[in-house]
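Working notes, beginning with the structure itself.
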Amino acid sequence: MKKCVISLLLILFSFSVYAQEVVDNLKDTEIERRVASLDIEGETYENVVVTLKSYSPDFLHDKSRVKVTVVDSTNGETIWKKTFKSAYLFVFSDGNIQVGKNNFNQILISKLFTDTDIFVGKIREKEGIY
């Protein structure tokens, strides 16, 4: 009986460890997020709109790419624009957005609190976000 309970607990524990969310990258998709605070390479911008467009490889470009545009929501002025080559766009069920390569995130947009719609973001083009 004791062995049965221990093995049951071991099985339940192993399922909980391996129950991480797995998503595929989005292709040919455009996402727009209002972000309360965005840190771009150490400079902080508030109340911006981030537009992320993912492109699949085609006959001109042989690698996936993501085009990112950051616009000030008060006056419509473009703050930052960049196309990430060989990068992928991931959107998770909790609202988090990641852009980057395998094991190397360059953009991370997440909720400030889980029960609100306030998003914060960070962009690190060269060093990545770990």
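Quick caveat: nothing in here was measured; it's all calculated off a predicted structure.
- Side-chain atoms of Arg34 never come within 3.5 Å of backbone atoms of Asp117 as a donor-acceptor pair (strictly under, hydrogens ignored).
- Taking the salt bridge (charged side-chain N to carboxylate O under 4.0 Å, His left out) definition, one finds that Lys82 meets it with Glu125, sequence neighbours left out.
- Both Tyr45 and Val35 are assigned to one and the same hydrophobic cluster, defined by single-linkage of ILVMFWY side chains at heavy-atom distances under 4.5 Å.
- Residues Val49 and Val68 do not share a hydrophobic cluster, defined by chaining ILVMFWY side chains whose heavy atoms lie under 4.5 Å apart.
- Following chains of ILVMFWY side-chain contacts shorter than 4.5 Å, one can reach Phe92 starting from Tyr88, so the two form part of one hydrophobic cluster.
- Remark: the backbone N or O of Leu108 is not paired with any side-chain donor or acceptor of Asn105 at under 3.5 angstrom.
- Distance check, rounded to the nearest 0.5 Å: NZ of Lys67 to NZ of Lys85 gives 11.5 Å.
- Across all their heavy atoms, Lys101 and Ser86 have their closest contact at CG-O, 3.1 Å.
- Two residues are said to be in side-chain contact when any heavy atoms from C-beta on lie closer than 4.5 Å; Thr51 and Val71 fail this criterion.
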Checklist line | Residues Lys122, Ile40; criterion side chain to side chain contact (heavy atoms under 4.5 Å, CB included); working and verdict | finding: CA-CA 6 Å; Lys122 188 181 283 190; Ile40 303 174; over 6 Å; no
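- Proximity of Leu38 to Val50: side-chain heavy atoms (C-beta onward) are separated by under 4.5 Å at one or more points.
- Using a 4.0 Å cut-off between charged nitrogen and carboxylate oxygen, Asp28 and Lys53 do not count as a salt-bridge pair.
- Heavy atoms only, all atoms of each residue included: Val66 and Ala87 are closest at CG2-O, 3.8 Å.
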Pair up each side-chain donor or acceptor in residues 72-81 with any protein partner under 3.5 Å, not counting sequence neighbours, and list the distances.
{"residue": "Asp72", "atom": "OD1", "partner": "Thr74", "partner atom": "N", "Å": "3.3"}
{"residue": "Asp72", "atom": "OD1", "partner": "Thr74", "partner atom": "OG1", "Å": "3.1"}
{"residue": "Asp72", "atom": "OD2", "partner": "Thr74", "partner atom": "OG1", "Å": "3.2"}
{"residue": "Ser73", "atom": "OG", "partner": "Asn47", "partner atom": "O", "Å": "2.7"}
{"residue": "Asn75", "atom": "OD1", "partner": "Glu77", "partner atom": "N", "Å": "3.1"}

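- Using modelled atom types, one side-chain atom of Ser54 and one backbone atom of Thr29 make a donor-acceptor pair closer than 3.5 Å.
- To the nearest 0.5 Å, atoms OG (Ser37) and CD1 (Ile118) are separated by 11.0 Å.
- What you find for Ser56 and Arg65 is that their closest heavy atoms are O-NH1, 3.9 Å.
- When the side chains of ILVMFWY residues are joined at heavy-atom separations under 4.5 Å, either directly or via intervening members, Ile123 and Val120 end up in two distinct hydrophobic clusters.
- Once rounded to the nearest 0.5 Å, the distance linking NZ of Lys111 with CZ of Phe119 reads 5.0 Å.
- For the atom pair CG (Leu52) and CD (Gln98), the distance works out to 12.0 Å, reported to the nearest 0.5 Å.
- By the 4.5 Å heavy-atom criterion applied to side chains, Ile107 and Phe84 are counted as neighbours.
- Linking ILVMFWY side-chain heavy atoms closer than 4.5 Å, directly or via other members, places Val70 and Ile31 in a single hydrophobic cluster.
- For Asp115, the side chain to side chain donor-acceptor pair (under 3.5 Å) criterion is met by no residue, not counting sequence neighbours.
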